[in-house]
Colleague: 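One structure coming up, written as C-alpha cells, with questions to follow.
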2 protein chains.
Amino acid sequence: MGHNDIDDICPAPIIFTMIGGKWKLAILKTLIFKGTRRFGDLRREVDGVTQTMLTKQLRALEADGLVHRKVFAEVPPRVEYSATEDGLSLRPVFEAMHLWWLERGL
Amino acid sequence: MGHNDIDDICPAPIIFTMIGGKWKLAILKTLIFKGTRRFGDLRREVDGVTQTMLTKQLRALEADGLVHRKVFAEVPPRVEYSATEDGLSLRPVFEAMHLWWLERGL
DNA sequence: CTGAATCCTTGTCGATACTG
DNA sequence: CAGTATCGACAAGGATTCAG
C-alpha cells in the first residue's frame with residue numbers, strides 16, 4: 001500500500017478550474033445556498049460584478065454543468081439561473097472549508 | 001433564522017487565494033500526503049514546475065502559514081519543507097473534493 | 001432586461017542568467 | 001543545492017458600446 005487514492009486522482013485542480021477565478025465562487029454560492037436567481041438579481045447580489053463578467057462566468061459554469069440556464073419567452077426578456085445537481089453536490093466541499101476555517105480560528 | 005453561517009462568513013475565497021494558482025495545490029498536496037521534502041525533491045515531484053515558480057509559491061504558502069521551511073546550516077545547502085498543522089488540517093477539504101468527484105462519476 | 005463585441009489594463013506565468 | 005533578479009509572453013479581468 002504505497003498507494004493513496006486521494007493523491008492519485010485528485011480532482012482539486014479540476015474543481016479549481018471550474019469554480020476558481022474572481023467571480024464564479026460567489027455566483028455559485030448564491031445559487032447553491034440562496035436558490036434560483038434572475039440575471040439582474042445576481043448582478044445586484046454578487047457584489048461588484050459587471051454585466052460582462054457575470055455573463056462570461058455564467059457561461060463557463062453552464063458549460064461545466066454546474067449551473068442551469070432557463071430562458072422564458074417573454075417581453076421583457078427573463079432568464080433564470082439555478083445550480084444543477086452537480087453544482088448542489090459541491091455543498092460538502094464548501095462545508096469542509098467552513099469547518100477548516102472555524103477550527104483554525106482557535 | 002433567515003441566517004446561514006456558511007454563507008455569511010465563507011472562507012472559500014480566502015482558501016482559493018491561499019492554495020489556488022498553477023502550482024500551490026500540487027506542492028501542498030505533496031507535503032500533506034507524502035510528507036517532508038527538500039527543495040530539489042519538490043522540483044522533481046511537482047511535474048513541470050520551474051525553480052523560480054517553486055520558490056515563489058513556497059514563499060507564499062509559508063507566508064500564509066500552510067508550509068514550514070527549515071534551513072540546515074550545511075554545505076551544500078539543505079532546506080526542508082513540510083506542511084504545518086494548518087496545512088495538514090486542509091486534508092478534509094481535499095477529501096470532500098475527492099468524494100464529490102467519485103459521486104459525480106456515476 | 002439580458003447579452004454580445006470590442007478594446008484596453010492588469011496580473012500571472014515562466015525562460016534565462018546569475019549567486020552564495 | 002537552493003536560491004535571486006530581470007524581463008517578456010500571455011491570460012484573466014474589466015470598461016464601454018451596441019443590440020434583440
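The shown structure was predicted, so the numbers you read here are calculated from the model rather than taken from an experiment. Lettering of chains follows the sequences in order, A, B, ..., and the numbering in each one begins at 1.
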Colleague: Keeping Trp100(A) on the side-chain end and Arg91(B) on the backbone end, is there a donor-acceptor pair under 3.5 Å?
Modeller: no
Colleague: In this structure, how many angstroms lie between the P atom of dC13(C) and the CD1 atom of Ile27(B), rounded?
Modeller: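 It works out to 11 Å between those atoms.
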Colleague: Quick check on Glu74(B): does its CD atom have over 12 non-hydrogen neighbours (other residues, nucleotides or ligands) under 6.0 Å away?
Modeller: yes
Colleague: Near DNA chain D, which residues from residues 64-80 of chain A have a heavy atom under 4.0 Å away?
Modeller: Pro77(A)
Colleague: Hey, could you give me the CZ/CZ distance between Arg59(A) and Arg69(A), rounded to the nearest 0.5 Å?
Modeller: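 If we round to the nearest 0.5 Å, Arg59(A):CZ and Arg69(A):CZ are 4.0 Å apart.
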Colleague: For Arg38(A) and dC1(C), is the shortest distance between a side-chain N/O and OP1 or OP2 below 4.0 Å?
Modeller: no
Colleague: Could you check whether any side-chain heavy atom of Asp41(B) comes within less than 4.5 Å of a side-chain heavy atom of Tyr81(B), counting everything from C-beta outward?
Modeller: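 No, side chains not in contact.
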Colleague: Leu61(A) CG to dG3(C) P: how many Å, rounded?
Modeller: 13 Å
Colleague: Report all interatomic pairs (protein N or O, nucleotide N or O of nucleotides 12-14 of chain D) with separations under 3.5 Å.
Modeller:
{"unit_1": "dG13(D)", "atom_1": "OP1", "unit_2": "Lys22(A)", "atom_2": "N", "d": "3.0"}
{"unit_1": "dG14(D)", "atom_1": "OP1", "unit_2": "Lys22(A)", "atom_2": "NZ", "d": "2.1"}
{"unit_1": "dG14(D)", "atom_1": "OP2", "unit_2": "Trp23(A)", "atom_2": "NE1", "d": "2.6"}
{"unit_1": "dG14(D)", "atom_1": "O6", "unit_2": "Lys56(A)", "atom_2": "NZ", "d": "3.4"}

Colleague: Leu58(B) CG to dC1(D) C1': how many Å, rounded?
Modeller: 14 Å
Colleague: Check whether any side-chain heavy atom of Leu25(B) lies under 4.5 Å from a side-chain heavy atom of Phe94(B), and answer yes or no.
Modeller: yes
Colleague: To the nearest 0.5 Å, how far apart are CD in Glu103(B) and CG in Asp86(A)?
Modeller: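 If we round to the nearest 0.5 Å, Glu103(B):CD and Asp86(A):CG are 10.5 Å apart.
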Colleague: On the nucleotide dC1(D), are OP1 or OP2 found under 4.0 Å from the side-chain N or O atoms that Tyr81(B) carries?
Modeller: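 So the side chain of Tyr81(B) is outside the cut-off, no N or O lying under 4.0 Å from OP1 or OP2 of dC1(D).
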Colleague: Starting at CG of Leu66(A), measure out to CD of Glu85(A) and round the result to the nearest 0.5 Å.
Modeller: 12.0 Å
Colleague: Tell me: CG of Leu25(B) to P of dC13(C), nearest whole Å?
Modeller: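 Leu25(B) atom CG is separated from dC13(C) atom P by 12 Å.
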Colleague: Quick check against the 3.5 Å criterion: does Lys22(A) have a side-chain atom that pairs as donor or acceptor with the backbone of Val49(A)?
Modeller: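 Side chain of Lys22(A) to backbone of Val49(A), a donor-acceptor pair under 3.5 Å: no, none is there.
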Colleague: Is there side-chain contact between Leu42(B) and Leu31(B), with at least one heavy-atom pair below 4.5 Å?
Modeller: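 The answer is yes, as the side chains (C-beta and beyond) meet within the 4.5 Å cut-off.
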Colleague: Hey, does His98(A) have a side-chain heavy atom less than 4.5 Å from the side chain of Cys10(B)?
Modeller: no
Colleague: Calculate the interatomic distance between Gln51(B) atom CD and dG20(C) atom C1'; express it in whole Å.
Modeller: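 These atoms are roughly 13 Å apart.
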Colleague: Provide, to the nearest angstrom, the distance between the CD atom belonging to Glu62(A) and the C1' atom belonging to dT2(C).
Modeller: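 Taking CD of Glu62(A) and C1' of dT2(C), I get 14 Å after rounding.
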Colleague: Report yes if a side-chain nitrogen or oxygen of Arg43(A) is closer than 4.0 Å to either non-bridging phosphate oxygen (OP1 or OP2) of dC1(C); otherwise report no.
Modeller: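 For Arg43(A), the contact criterion (side-chain N or O under 4.0 Å from OP1 or OP2 of dC1(C)) is not met.
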Colleague: Is any side-chain heavy atom of Phe16(A) closer than 4.5 Å to a side-chain heavy atom of Ile19(B)?
Modeller: yes
Colleague: Roughly how bent is the helix from dC1(C)-dG20(D) to dG20(C)-dC1(D) end to end, in steps of 10 degrees, with each end axis from five pairs?
Modeller: 40°
